[in-house]
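Numbered from 1 within each chain, the chains take letters A, B, ... in sequence-line order. All values below come from the heavy atoms of this structure, side chains included, with hydrogens, waters and symmetry mates left out.
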Amino acid sequence: MKNFKRYLITSALPYANGPIHIGHLAGVYVPSDIYTRYLRMKGVDVISICGSDEHGVPITLKARKEGVSPQEIVDRYHSLNKKAFEDFGIAFNIYSRTSNKVHYETASEFFLNLYKKGEFTEKTSEQYFDEEAGCFLADRYIMGTCPYCGNENAYGDQCEKCGTSLSPNDLINPHSTISGSKPVLRETLHWYLPLDKYEGWLKKWILKDHKEWKVNVYGQCKSWLDQGLQPRAVSRDLDWGVPVPVEGAKGKVLYVWFDAPIGYISATKELTPDWEKYWKDPETKMIHFIGKDNIVFHCIIFPAMLKAEGSFILPENVPANEFLNLENEKISTSRNWAVWLHEYLEDFPGKQDVLRYALCSNAPETKDNDFTWKDFQARNNNELVAILGNFVNRTFVLTNNYYNGEVPERGITDENDNVVLAEMSRIKENVETSLEAFRFREAIKEAMNLARLGNKYLADSEPWKVIKTDPERVKTIMNIALQITTNLTIIFEPFLPFSMNKLRAWLNCDQLKWSDAGRTNLLMPGHIINKSELLFEKIEDEEIDNQINKLLATKKANEATSAKTAPSKDIVSFDDFTKIDIRTATILEAEKVPKTTKLLKLKIDTGLDIRTIVSGIAEYFEPEAIIGKQISIVANLEPRKIKGIESKGMILMAEDMDGKLVIVSPAEKVGNGSIIK
RNA sequence: GGCGAGAUAGCUCAGUUGGUUAGAGCGCAUGAUUCAUAAUCAUGAGGUCCGGGGAUCAUUCCCCCGUCUCGCUACCA
């Protein structure tokens with residue numbers, strides 16, 4: 001096992017188009033913070049790097065929507081998130097941002113280095129250009145009619161109505177969202193990083209040399225490498241981002257995936273003039289904390305960039321977590337389905353550690369997990385309050401009652417005492433092993449065992465009884481209880497820094513080193529401890545109900561807005577309306593179109609004829625289940641070839657907010673071909 | 001559609017390089033206890049280890065076929 005001199009910890013740069021939520025915390029920032037704090041307590045040289053990722057198309061879109069500049073958007077979320085992290089006790093050495101000067105310089109320089117070394121390939125391709133606005137259009141800036149569902153507001157990369165992924169060329173009647181004009185195809189030059197060139201090297205580096213990586217991480221890398229890597233464009237036609245620093249690249253910026261990871265480097269530069277020792281000395285151990293959606297970037301693409309540059313070290317490990325759900329549903333920024341960190345801090349002042357504890361205990365380390373407010377409450381009331389807080393409180397009350405806060409002398413210890421004393425260092429080692437292996441759930445559980453040990457020790461030795469018969473013996477018992485309490489301040493420090501800070505103040509003791517954990521003489525006889533308060537408070541049902549109601553309100557609001565989102569269409573004349581031939585029909589046969597996810601091929605009886613209609617409903621209906629159903633169709637729609645099958649007509653569906661489809665059929669059975677009017 | 005990961009007690013998760021009674025925490029039940037925020041301690045009940053096949057003396061664990069969840073990917077329509 002290689003011995004490292006220092007650590008470089010990076011945490012995924014949060015995207016500055018929204019606030020931080022519990023999903024980010026559980027997946028990335030809480031584990032990274034625990035790990036960093038642990039290393040600091042060990043006294044090793046470690047820095048923790050993070051910052052806002054502020055480029056990319058979604059930010060420009062949000063800015064446009066709100067009628068402000070992209071800079072205003074990123075300023076807003078950068079300061080919001082930076083403060084929230086600080087208040088939550090995520091102890092980054094620096095929380096930087098990719099819109100600052102150091103980053104522009106660093107990213108340009110990085111690009112130029114590769115450029116000069118000839119690491120890029122250049123390629124021209126045709127892309128849509130807006131002649132009125134005078135710029136190329138990102139896929140998201142192009143709207144048009146979806147060729148599959150007819151939605152007139154489909155984006156160039158995706159139709160949000162039917163969920164289909166599109167390319168801008170698929171759109172019927174494409175128009176620019178900037179000027180509204182019809183875009184034209186124009187040639188544009190881009191630079192590509194030939195990932196294929198690094199395939200062999202990556203295979204060895206990951207598949208052979210890093211078999212210890214988490215199975216989800218390793219598996220996904222293997223899948224990518226087995227499929228073969230393709231060159232990837234590193235530039236885009238956009239005006240928001242780091243300009244491509246070569247001649248003739250006006251209007252081109254570094255693509256955000258290339259730009260963002262360099263943010264780790266520029267943040268380090270901003271932090272210390274010594275940055276190179278963290279990034280270039282092979283005796284530095286670099287760890288990337290990320291979520292599972294980022295695996296490919298951090299395990300394949302960024303390492304390839306670093307390798308291509310040549311002078312940088314590579315990550316030793318990338319402990320990516322899975323995702324956290326909230327009350328059984330996916331967390332979603334756009335749907336406001338989240339517990340936002342800045343709101344939590346307002347709603348639960350002084351309770352940072354409770355959330356840290358709940359998220360760490362239930363971190364999505366091996367699979368997606370669910371956060372519920374009930375679980376949060378239970379973790380607090382049954383574990384933090386009942387086990388940890390209670391033990392601490394018992395020890396303080398007894399010590400203050402019996403000895404006025406003076407730590408008593410430890411006399412002769414009995415067998416049980418010795419077992420308990422020895423157990424402390426065993427727990428320390430267990431926590432250590434778990435942390436080193438990035439098993440944070442296991443680590444925090446083991447830490448809690450120290451408090452359990454304390455409770456059990458008091459229950460077994462019953463000082464409140466013994467005090468009546470053998471006061472000398474009680475001194476030994478309480479000395480041991482106090483040593484356990486002091487050990488708690490070390491063991492729990494990485495997990496619950498706020499509470500341990502309080503506890504140290506009550507114990508009247510300084511912050512100790514990790515290596516002190518397990519020692520049985522941390523508080524010397526005669527040392528005076530202070531009065532204590534409650535380490536944790538119970539959380540009542542009312543507070544939890546408030547939070548749950550808040551979420552229910554969000555749900556309602558979402559339903560209401562989605563009802564509003566379908567704006568009414570233009571008035572049509574009665575004549576126009578009558579042109580549409582809507583009538584009833586019955587499904588005779590239904591089968592899935594092979595090699596598609598959404599398409600069903602239906603044979604229907606329209607009363608006029610038997611015909612074939614292809615419909616994108618396979619995700620919601622089993623073919624067998626809809627055979628015999630009476631439906632409504634548009635019978636005179638222009639036929640269209642879909643997947644090589646001629647589709648004659650369209651089936652009418654009602655679509656709810658989640659995209660769920662429901663068949664529109666007559667309330668009672670009527671003859672096929674009955675006109676709907 | 002391709003690929004990756006997951007599916008184990010009411011909940012959140014361990015685990016088994018295949019081997020007699022599958023574990024932990026929380027919840028639940030019962031008992032003990034009162035120093036402690038009804039907090040603690042002990043004991044106990046709870047499981048077709050996603051479904052179906054197969055190989056094996058034996059499998060929750062291996063192989064095959066499915067189902068569900070999540071992620072990545074694909075000019076899938």
Side-chain angles (χ1 to χ4, degrees), chain A residues 146-149 157 162-170 214-227 230 291-297 300 320 322-325 328 330 358 361-372 374-375 377-379 381-402 439 441-442 444-446 448-449 451-452 454-467 474 477-478 481 532-538 592-601 614-616 618 640-645 647:
Chain A
C146 172
Y148 308 119
C149 73
D157 56 350
C162 65
T164 304
S165 312
L166 301 169
S167 97
N169 302 334
D170 297 337
K214 286 175 67 168
V215 29
N216 55 341
V217 177
Y218 188 91
Q220 190 168 350
C221 291
K222 187 169 184 318
S223 146
W224 265 66
L225 291 169
D226 288 350
Q227 277 172 46
Q230 303 299 321
K292 68 172 160 184
D293 53 337
N294 252 326
I295 290 172
V296 171
F297 288 101
I300 291 185
E322 303 283 307
F323 282 177
L324 189 69
N325 292 330
N328 252 315
K330 258 200 262 193
S361 307
N362 192 22
E365 283 176 10
T366 51
K367 63 169 187 191
D368 290 359
N369 263 353
D370 195 29
F371 176 94
T372 65
K374 286 278 174 217
D375 178 71
Q377 182 188 27
R379 296 266 179 207
N381 293 356
N382 305 330
E383 298 178 34
L384 289 177
V385 172
I387 297 168
L388 176 55
N390 183 40
F391 169 67
V392 168
N393 190 236
R394 298 169 86 181
T395 306
F396 272 88
V397 167
L398 290 169
T399 307
N400 282 321
N401 282 351
Y402 298 158
R439 294 195 296 259
R441 277 190 317 222
E442 192 179 272
I444 202 166
K445 195 168 161 184
E446 187 63 20
M448 196 48 101
N449 281 340
R452 287 181 212 283
N455 277 320
K456 183 164 164 48
Y457 180 65
L458 287 182
D460 289 346
S461 49
E462 301 180 303
W464 50 90
K465 267 188 190 164
V466 179
I467 192 78
V474 173
I477 296 170
M478 290 318 299
S532 68
E533 294 160 45
L534 294 181
L535 201 50
F536 300 99
E537 292 165 350
K538 285 202 116 182
K592 225 180 146 191
V593 180
K595 293 192 177 182
T596 68
T597 311
K598 293 183 180 173
L599 296 185
L600 287 187
K601 179 180 164 189
V614 177
S615 182
R640 188 180 169 78
K641 266 205 172 176
I642 298 175
K643 224 5 197 182
I645 303 163
S647 178

task: Between Arg441(A) and Gly219(A), name the one whose nearest nucleotide on RNA chain B is closer to the 5' end.
output: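 Looking at RNA chain B, the more 5' nearest nucleotide goes with Gly219(A).
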message: Quick check on RNA chain B: between Asn362(A) and Phe297(A), whose nearest nucleotide comes earlier from the 5' end?
response: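 Final value for this comparison: Asn362(A).
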Taking only the side-chain nitrogens and oxygens of [X], find out if one of them lies under 4.0 Å from OP1 or OP2 of [N].
X: Thr366(A); N: A14(B); answer: yes
X: Lys456(A); N: U40(B); answer: no
X: Lys214(A); N: G6(B); answer: no

Expressed as a whole number of Å, how far does the [atom1] atom of [N] sit from that of [M]?
N: A39(B); M: U48(B); atom1: P; value: 32 Å
N: A45(B); M: C62(B); atom1: C1'; value: 34 Å
N: U17(B); M: U21(B); atom1: C1'; value: 23 Å
N: U8(B); M: U59(B); atom1: C1'; value: 15 Å
N: C49(B); M: A7(B); atom1: P; value: 14 Å
N: U43(B); M: C26(B); atom1: P; value: 13 Å

State which residues pass side-chain contact (heavy atoms from CB on, under 4.5 Å) with [X]; sequence neighbours excluded, sorted by chain then number.
X: Lys292(A); answer: Ile295(A), Glu322(A), Phe323(A), Asp368(A)
X: Thr372(A); answer: Glu327(A), Asp370(A), Lys374(A), Asp375(A)
X: Glu442(A); answer: Ser434(A), Arg439(A)
X: Lys222(A); answer: Leu207(A), Tyr218(A), Asp226(A)

Please tabulate, one pair per line, each protein N/O and nucleotide N/O from nucleotides 70-72 of chain B that are separated by under 3.5 Å, including the distance.
from, atom 1, to, atom 2, distance (Å)
C70(B), O4', Asp368(A), OD2, 3.3
C70(B), O2', Lys292(A), NZ, 2.4
C70(B), O2', Asp368(A), OD2, 2.8
G71(B), OP1, Lys330(A), NZ, 3.1
G71(B), OP2, Lys330(A), NZ, 3.4
C72(B), O4', Gln220(A), NE2, 3.4
C72(B), O2', Gln220(A), NE2, 3.4
C72(B), O2', Trp224(A), NE1, 3.0

Report, one line per pair, each donor and acceptor closer than 3.5 Å where one atom sits in a side chain of residues 391-400 of chain A; sequence neighbours left out.
from, atom 1, to, atom 2, distance (Å)
Arg394(A), NH1, Asn455(A), OD1, 2.8
Thr395(A), OG1, Phe391(A), O, 2.9
Thr399(A), OG1, Thr395(A), O, 2.7
Asn400(A), OD1, Gly405(A), N, 3.4
Asn400(A), ND2, Phe396(A), O, 3.1

- request: Return the minimal non-hydrogen interatomic distance between Ala481(A) and Leu458(A), and the atom names on each side.
  value: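 Scanning both residues completely, I find the closest heavy atoms to be CB-CD2, 4.2 Å.
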- prompt: Which heavy atom in Tyr402(A) sits nearest to a heavy atom in Trp464(A), and how many Å separate them?
  reply: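 Heavy-atom minimum between the residues: OH-CA, 3.3 Å.
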Nucleotide-resolved protein contact map, nucleotides 23-35 of chain B, B/S/- at heavy-atom distance under 4.0 Å: -BSSS------SB
- request: Rounded to the nearest 0.5 Å, what's the gap from CG on Asn362(A) to CZ on Phe371(A)? Could you check?
  value: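 Result: 8.5 Å between the selected atoms.
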- prompt: Taking a pair as Watson-Crick (N1 to N3 plus N6-O4 or O6-N4) or G-U wobble (N1-O2 and O6-N3), both under 3.5 Å, which stems of 3 or more consecutive pairs involve RNA chain B?
  reply: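 Detected stem regions: B:1-7 with B:67-73, B:10-13 with B:23-26, B:28-32 with B:40-44, B:50-54 with B:62-66.
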- request: Quick one: list whatever passes salt bridge (Lys or Arg N to Asp or Glu O under 4.0 Å) with Glu533(A), sequence neighbours left out.
  value: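 Glu533(A) satisfies salt bridge (Lys or Arg N to Asp or Glu O under 4.0 Å) with no other residue.
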message: Using the salt bridge (Lys or Arg N to Asp or Glu O under 4.0 Å) criterion, which residues pair with Lys367(A)? Sequence neighbours excluded.
response: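 Counting only residues at least two positions away or on another chain, Lys367(A) forms no salt bridge (Lys or Arg N to Asp or Glu O under 4.0 Å).
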task: Give Leu535(A) one of three labels, base, sugar-phosphate or nothing, depending on what nucleic acid heavy atoms sit under 4.0 Å from its own.
output: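 Touches a base.
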Could you list all N or O pairs between the protein and nucleotides 60-63 of chain B that sit under 3.5 Å apart?
none

- prompt: Sequence neighbours excluded, which residues qualify as side-chain hydrogen bond (donor to acceptor under 3.5 Å, both in side chains) partners of Lys465(A)?
  reply: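 Checked Lys465(A) against side-chain hydrogen bond (donor to acceptor under 3.5 Å, both in side chains); matches are Glu462(A).
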query: Among the nucleotides U8(B), A39(B), U37(B), which one has an atom lying closest to any side-chain atom of Phe536(A)?
result: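 The answer is U37(B), which lies nearest to the side chain.
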